[in-house]
Colleague: 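First, the structure itself, so that you have it in front of you.
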There are 2 protein chains.
Amino acid sequence: MPETIRRADNLSGTRYGNRPTMKDVAARAGVGLKTVSRVVNGEPGVTPETERRVQDAIEALGFRRNDSARVLRKGRTASIGLVLEDLADPFYGPLSRAVEEVARAHGALLINGSSAEDPDREQELALALCARRVDGLVIIPAGDDHRYLEPEIRAGVATVFVDRPAGRIDADCVLSDNYGGALGGVAHLIAHGHRRIGFIGDMPRIHTAAERLRGYRAAMEDAGIPVADAWTSLGVTDPERVRRAAEEMLSGPDPVTAIFAGNNRVTVTVIRVLAERNRPVALVGFDDIELADLLRPGITVVAQDAAAIGSTAADRLFRQLDGTLVAPERIQLPTRLITRGSGELPPAD
Amino acid sequence: MPETIRRADNLSGTRYGNRPTMKDVAARAGVGLKTVSRVVNGEPGVTPETERRVQDAIEALGFRRNDSARVLRKGRTASIGLVLEDLADPFYGPLSRAVEEVARAHGALLINGSSAEDPDREQELALALCARRVDGLVIIPAGDDHRYLEPEIRAGVATVFVDRPAGRIDADCVLSDNYGGALGGVAHLIAHGHRRIGFIGDMPRIHTAAERLRGYRAAMEDAGIPVADAWTSLGVTDPERVRRAAEEMLSGPDPVTAIFAGNNRVTVTVIRVLAERNRPVALVGFDDIELADLLRPGITVVAQDAAAIGSTAADRLFRQLDGTLVAPERIQLPTRLITRGSGELPPAD
DNA sequence: TAGAGCCTGGACAACGTTGTCAGATGCGGG
DNA sequence: CCCGCATCTGACAACGTTGTCCAGGCTCTA
């Protein structure tokens, strides 16, 4: 066991590698502890001469304030947590950037992590962030039960849900108008003469997926078109299964002439499938994708404004912290139909 | 001044919204403070009966350990910082995801922020993370002088630079083989018969840009092709200027027949410019771009493995913390030429 | 020149946790 | 029946910072 002992020794001996503390600075500058604190925090009541001495000592020792101690004392961390679903999804880039921008404007740091769509991991992460005493949380929920956050919210952690609503608790949330967007996108296809329209989307237990499906159904119903079972494919996310689903819709006796793709990953795979076929099939995707305008045809999409969602959410979070905000609210941001060609193809009957 | 006073009052009064502490839990469970600590940390030496009482009290009060205090006491935060250049750049998605994955495997949280290519902001961010006492830093440098990190590194903050080397300090870094990648890409164009090849890239003060330029020049020299001034355009990043640069190269008496694009943003804009022209121009881009295979022609790229870079960097960081690693090292990861069509077009002379 | 008032600086406690160490309790053996 | 040992528990200090409060020195006025 000598290794284990050495390792433990090693770790506990590290102790920030013996960083200088305010006490050290004070000793070196020949002033009191609190005076150093005042200089570090820019508080008034220090002679320029004394201040210079302290600054010099700070410089010489390479002192850096220990924020853990500061947080412990002050009770606010000036940091907020962001729990996203997948760091690598391009949709979340602009979103987290927008959140960071707002956080920065409030002098707060952003701590984030991704849940990988796993509700347990989401909970683990959110609670770990709470243990660090983040002032607030922006969560893109993976699960559908967020009662585990109740004690935290009661304790004053500002909380805003994004992209999907919170489950079983009453909390602020900022979403896109998934229903309206999907309805508009499908109606667009119908307006271009399509009647047999396929829908490929995620599991309906995911709120956005359910809403988009609802929008699809509503558009079809508004147009008086009965939806055949074979036209909708749900719970399909991985490329292989999307591919199979698309191919099934496009073959058979009554093939669809248009497809509505429920999210950007689906859209990309459907583009691939359609590219392999000669018969033109119309396509509208939910979520914009990069370079969509360079493809032939360009891809028509229902675009969400990820940056606006992020900044709205972060804004509300800080307003909760201000006390400006009282009751939780659900905010829906509009989507935008961007026509580029693929959604305007006529049915190839 | 009454407002100021009230605001301060307000803030200092908040104090985590009166969260329960271990002391509260201990009181409720009728045990000592340290016993609660033992239960929370899963230390041995607590009767199951006592443990249950404590657990019940924790549950009832909604207690959550205050990690700030824990960190203050223990000296390690189990969190690492990631300073990237732009959260929204798709190249950094997989990279930060990979870093997070490794961090998670070591039980650490990831805190990140972006520098927006601004050296001052990079420094501010890195030092803010150090003040939070992150155990280590992964930095994608924006600046070229990192001596400000010396005290931190001496104090034991593990540090790994990524994508670009550290400036004026000796530190671990993990990079792509920018020189070799560019050389290979340009050689590929030359092998397909091109001699007048343009290069559009970022400012040469950025290491990657300089290396790629060097690769371009080396490939040309190897082939015995003198490079005309008009063929290289440096320090060009925003779409408008890239567009102008590309158009200039493609017109004039001696237009280029191929373009090597120095990064993904440049590539995208060049694609747009080329799409507007009838004469086919070959294109090879550094960095892969999404959907590159769906364009006609597909875009040939020199791809970096962002995930591998991220996980290699994070790996080294934790090995520094282990003490497994001693001397700083520069690690170069190979790039991969992915041929998709655009780089194989013959010169249209 | 003495006293009032202001300005600067420092001693001390507290934040919530963990490590140390000693006390209490229970059990078995002499 | 008592002692020793093992097991479990709790008191206390310490981590580095900030807020409170007081002491001492200065200036300005009467």
Side-chain angles (χ1 to χ4, degrees), chain A residues 8-9 11-27 29-54 57-58 61 63-78 130-133 155, chain B residues 5 8-27 29-54 57-58 61 63-78 130-133 155:
Chain A
D9 247 39
L11 275 178
S12 73
T14 315
R15 270 223 86 55
Y16 306 133
N18 285 328
R19 268 167 172 280
T21 70
M22 284 192 176
K23 203 163 139 189
D24 301 324
V25 175
V31 302
L33 181 55
K34 180 64 204 194
T35 303
V36 177
S37 170
R38 275 197 269 263
V39 171
V40 170
N41 295 296
E43 289 169 24
V46 180
T47 339
E49 150 65 9
T50 308
E51 170 159 3
R52 212 185 39 69
R53 279 221 315 283
V54 172
I58 289 177
L61 295 173
F63 166 79
R64 193 96 48 212
R65 178 178 61 198
N66 184 330
D67 268 359
S68 297
R70 170 169 229 253
V71 161
L72 177 59
R73 189 67 234 266
K74 301 200 68 140
R76 288 263 161 166
T77 58
C130 289
R132 307 259 151 148
R133 295 297 187 267
Chain B
I5 291 168
D9 247 39
N10 199 352
L11 275 177
S12 74
T14 313
R15 275 223 85 56
Y16 306 134
N18 285 327
R19 268 169 173 282
T21 72
M22 284 194 178
K23 203 163 139 191
D24 301 324
V25 175
V31 301
L33 181 54
K34 179 64 203 194
T35 302
V36 177
S37 171
R38 273 196 270 265
V39 171
V40 169
N41 294 296
E43 288 169 26
V46 180
T47 341
E49 150 64 10
T50 310
E51 170 160 4
R52 212 186 38 70
R53 278 222 314 284
V54 172
I58 289 178
L61 295 173
F63 166 79
R64 191 99 47 213
R65 178 177 63 197
N66 184 332
D67 269 358
S68 296
R70 170 168 228 252
V71 162
L72 177 59
R73 189 67 233 269
K74 301 200 69 141
R76 289 261 160 166
T77 58
C130 289
R132 307 260 150 145
R133 294 298 185 268

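Proteins come first, then strands; the chains are lettered A, B, ... in the order of their sequence lines, and each starts at number 1. In this text, all values refer to a predicted model and were calculated from it rather than measured experimentally.
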Colleague: I want to confirm an ordering. Mapping G30(A) and T21(B) to their closest nucleotides on DNA chain C, which one lands closer to the 5' end?
Modeller: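 Its nucleotide being nearer the 5' end, the pick is G30(A).
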
Colleague: Got a sec? Which of residues 39-52 of chain B come in under 4.0 Å of DNA chain C, heavy atoms?
Modeller: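 Within residues 39-52 of chain B, the residues near DNA chain C are N41(B), E43(B).
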
Colleague: Do V40(A) and M22(A) have side chains that get closer than 4.5 Å, going by heavy atoms?
Modeller: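 Side-chain contact under 4.5 Å: yes.
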
Colleague: Roughly, in whole Å, what's the span from NZ in K23(B) to P in dT17(C)?
Modeller: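 Interatomic distance, NZ of K23(B) to P of dT17(C): 11 Å.
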
Colleague: Return yes if some donor-acceptor pair links the side-chain N/O of T21(A) with the main-chain N/O of K23(A) below 3.5 Å, else return no.
Modeller: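 Present.
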
Colleague: Taking side chain as C-beta onward, heavy atoms only, is N41(A) less than 4.5 Å from R65(A)?
Modeller: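 Heavy-atom side-chain distance check passes, below 4.5 Å.
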
Colleague: Using atom NZ of K34(A) as one end and atom P of dT17(D) as the other, report the distance to the nearest whole Å.
Modeller: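 To the nearest whole Å, that distance equals 12 Å.
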
Colleague: To the nearest 0.5 Å, what is the distance between CZ (R70(A)) and OG (S37(A))?
Modeller: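 The distance works out to 8.5 Å.
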
Colleague: Does dT17(D) have OP1 or OP2 under 4.0 Å away from a side-chain N or O of S37(A)?
Modeller: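 For dT17(D), OP1/OP2 do not have a side-chain N/O of S37(A) under 4.0 Å.
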
Colleague: Atom CG of N66(B) and atom CG of L72(B): how far apart are they, to the nearest 0.5 Å?
Modeller: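 Going from CG on N66(B) over to CG on L72(B), the span is 10.0 Å.
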
Colleague: Send over the distance from N66(B) CG to dG16(C) P, rounded to a whole Å.
Modeller: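 Computing the N66(B):CG to dG16(C):P distance gives 7 Å.
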
Colleague: Identify, between R38(B) and R70(B), the residue whose nearest nucleotide on DNA chain C lies closer to the 5' end.
Modeller: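 The residue whose closest nucleotide sits nearer the 5' end is R70(B).
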
Colleague: If you compare every side-chain N and O of K74(B) against the phosphate oxygens of dG19(C) (OP1, OP2), does one of them come in below 4.0 Å?
Modeller: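 The answer is yes; a side-chain N or O of K74(B) sits under 4.0 Å from OP1 or OP2.
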
Colleague: Within this structure, what is the CG-CG distance for the pair L33(A) and D24(A), rounded to the nearest 0.5 Å?
Modeller: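 Going from CG on L33(A) over to CG on D24(A), the span is 10.0 Å.
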
Colleague: Between L72(A) (CG) and dG19(D) (P), how many Å, whole number?
Modeller: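 Interatomic distance, CG of L72(A) to P of dG19(D): 13 Å.
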
Colleague: Rounded to whole angstrom units, what separation is found between the CG atom of L33(A) and the P atom of dT18(D)?
Modeller: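 Nearest whole value for this atom pair: 9 Å.
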
Colleague: Please check if the side chain of R53(B) supplies one atom and the backbone of A29(B) the other of a donor-acceptor pair under 3.5 Å.
Modeller: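 Yes: the side chain of R53(B) pairs with the backbone of A29(B).
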
Colleague: How close or far is atom C1' of dG16(D) from atom CG of D24(A), stated in whole angstroms?
Modeller: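 Atom CG in D24(A) sits about 10 Å away from atom C1' in dG16(D).
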
Colleague: What is the distance, to the nearest angstrom, from the CZ atom on R73(A) to the P atom on dT17(D)?
Modeller: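 The answer, rounded to whole Å, is 13 Å.
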
Colleague: Could you tell me how far apart M22(B) (CE) and dG16(C) (P) are, to the nearest whole angstrom?
Modeller: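 In whole Å, dG16(C) P and M22(B) CE are 12 Å from each other.
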
